[in-house]
Number of protein chains: 2
Amino acid sequence: MIRRSARRMTRQRKIVLEELRKVTSHPTADQLHQMVRRRLPGINIATVYRNLEILTDEGEVMKLDVAGTQRRFDGNALNHYHIRCSRCGRVDDVHMDVVDSLEEAAAKACAYTVLSHTVEFVGICPGCRDGN
Amino acid sequence: MIRRSARRMTRQRKIVLEELRKVTSHPTADQLHQMVRRRLPGINIATVYRNLEILTDEGEVMKLDVAGTQRRFDGNALNHYHIRCSRCGRVDDVHMDVVDSLEEAAAKACAYTVLSHTVEFVGICPGCRDGN
DNA sequence: TTGCAATTGCGATGCACTTGCAATAAGAAT
DNA sequence: ATTCTTATTGCAAGTGCATCGCAATTGCAA
């Protein structure tokens, strides 16, 4: 019988999750590493990556593979849309309804079994637009 | 006066574009490199990358920065949606209408100037589903 | 034909992420 | 509490994709 290995709630994993949940920004792994380091100075970046992978796997957090740039992470695992600033790379949530009907439309339009969808908007953030 | 440098249609650039237009798949840079190499054995991968960058810039082709995987390229620069197989990584077009109203909704829901959007579906392709 | 900047090929480099491995430490069993 | 198993960690080295510096080449306008 295939048994998935028991997960342990290590200090590292706990703090990675706490710090990610604490912010509404979408930090990259190394930004989060900096944040976590303030509470756990010795933690290694590889550990942060490994835990983010596991937490994503468990559905606790969300991995954002945003267009061609560095991966970012989101403490909110519910599907929601994002917008990325094409000038500074910043990523924000877009507080609009998720359009689940897109998936039905896609299912009709291709031969795949559709599982999920993501929407990414690209634009200019207020900071960049208003010149800073 | 700022003058963007004059572009030259080199043999390399021409063939990169032709090969990419020739297929409906969404090759990665190195897949395209292989294809181009059959006609131009000496071409370097860096040249392929540079040309894809320039052609994207000119709106001739589209760069697909698909979720966390290797970058892919699309000979069709008009906005359309894609679906990625979560098992094999293959990417296909989804022949459904582009929902431009998403951008209006996003504009209302955040403070950005919205420029564009992309939708990516994730699913299981027929080949993987039907067991191969 | 000439001049020259855009482009190429090549190797080196960068960057983000992953992995192998020995040491450490959760947390279940005793 | 103590023991035991094995998941997890820190570290360093490794990967893979993409980019860069530079000298040589080549479009192409004059």
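Just so you know, these numbers use all the heavy atoms, side chains as well, and skip hydrogens, waters and symmetry mates. Numbers restart at 1 for each chain; the letters A, B, ... are given by sequence-line order, proteins then strands.
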Residue-phosphate contact under 4.0 Å: [X] side-chain N/O, [N] OP1/OP2:
| X | N | result |
| --- | --- | --- |
| A/T10 | C/dA26 | no |
| B/Y49 | D/dT19 | no |
| A/R71 | C/dT18 | yes |
| B/Q12 | D/dT26 | no |

To the nearest Å, how far apart are [X] [atom1] and [N] [atom2]?
| X | N | atom1 | atom2 | value |
| --- | --- | --- | --- | --- |
| B/D57 | D/dT19 | CG | P | 13 Å |
| A/R7 | D/dT6 | CZ | P | 16 Å |
| A/L64 | C/dC17 | CG | P | 12 Å |
| B/I15 | C/dT7 | CD1 | P | 16 Å |
| B/I54 | C/dA6 | CD1 | P | 11 Å |
| A/D30 | C/dT18 | CG | P | 13 Å |
| A/R8 | C/dA25 | CZ | P | 12 Å |
| B/L52 | C/dT7 | CG | C1' | 15 Å |

How do B/K63 and A/A46 order along DNA chain D: which one's closest nucleotide is nearer the 5' end?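 This one resolves to A/A46.
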
DNA chain D: A/M9 or B/N44, which has the more 5' nearest nucleotide?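 It is A/M9, whose closest nucleotide lies nearer the 5' terminus.
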
Does this structure show an ion pair linking A/E19 with A/R38, if we count only N-O contacts that are shorter than 4.0 Å?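 Salt bridge flag = no for A/R38 with A/E19.
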
Tell me if a side-chain donor or acceptor on A/H33 pairs with a main-chain N or O of A/A46 at a distance below 3.5 Å.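 No.
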
Examine distances only and state if a side-chain atom of A/D93 and a backbone atom of A/H95 form a donor-acceptor pair shorter than 3.5 Å.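 A pair under 3.5 Å: no.
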
Counting only Watson-Crick or G-U wobble pairs whose two distances fall under 3.5 Å, which nucleotide matches D/dC11?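 With both distances under 3.5 Å, D/dC11 matches C/dG20.
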
Under 4.0 Å between any heavy atoms, over every strand shown, what does [X] touch: base, sugar-phosphate, or nothing? Just pick one.
| X | answer |
| --- | --- |
| B/N51 | sugar-phosphate |
| A/R50 | base |
| A/I45 | nothing |

Should the side chain of A/R13 and the base of D/dT8 be counted as holding a donor-acceptor pair, with the cut-off at 3.5 Å?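 Side chain to base: no pair below 3.5 Å.
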
Describe, in one word, how the ring planes of B/H26 and B/H80 are oriented to each other, choosing from parallel (under 30°), tilted (30 to 60°) and perpendicular (over 60°).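 Because their plane-to-plane angle lies in the 30° to 60° range, the rings of B/H26 and B/H80 count as tilted.
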
Geometric class of the B/H117/B/Y81 ring pair [parallel <30°, tilted 30-60°, perpendicular >60°]: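 B/Y81 vs B/H117 ring planes: perpendicular.
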
Side chain of B/T47, heavy atoms from C-beta onward: which of D/dT8, D/dG27, C/dG9 has the nearest atom to it?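 Out of D/dT8, D/dG27, C/dG9, the nucleotide with an atom closest to B/T47's side chain is C/dG9.
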
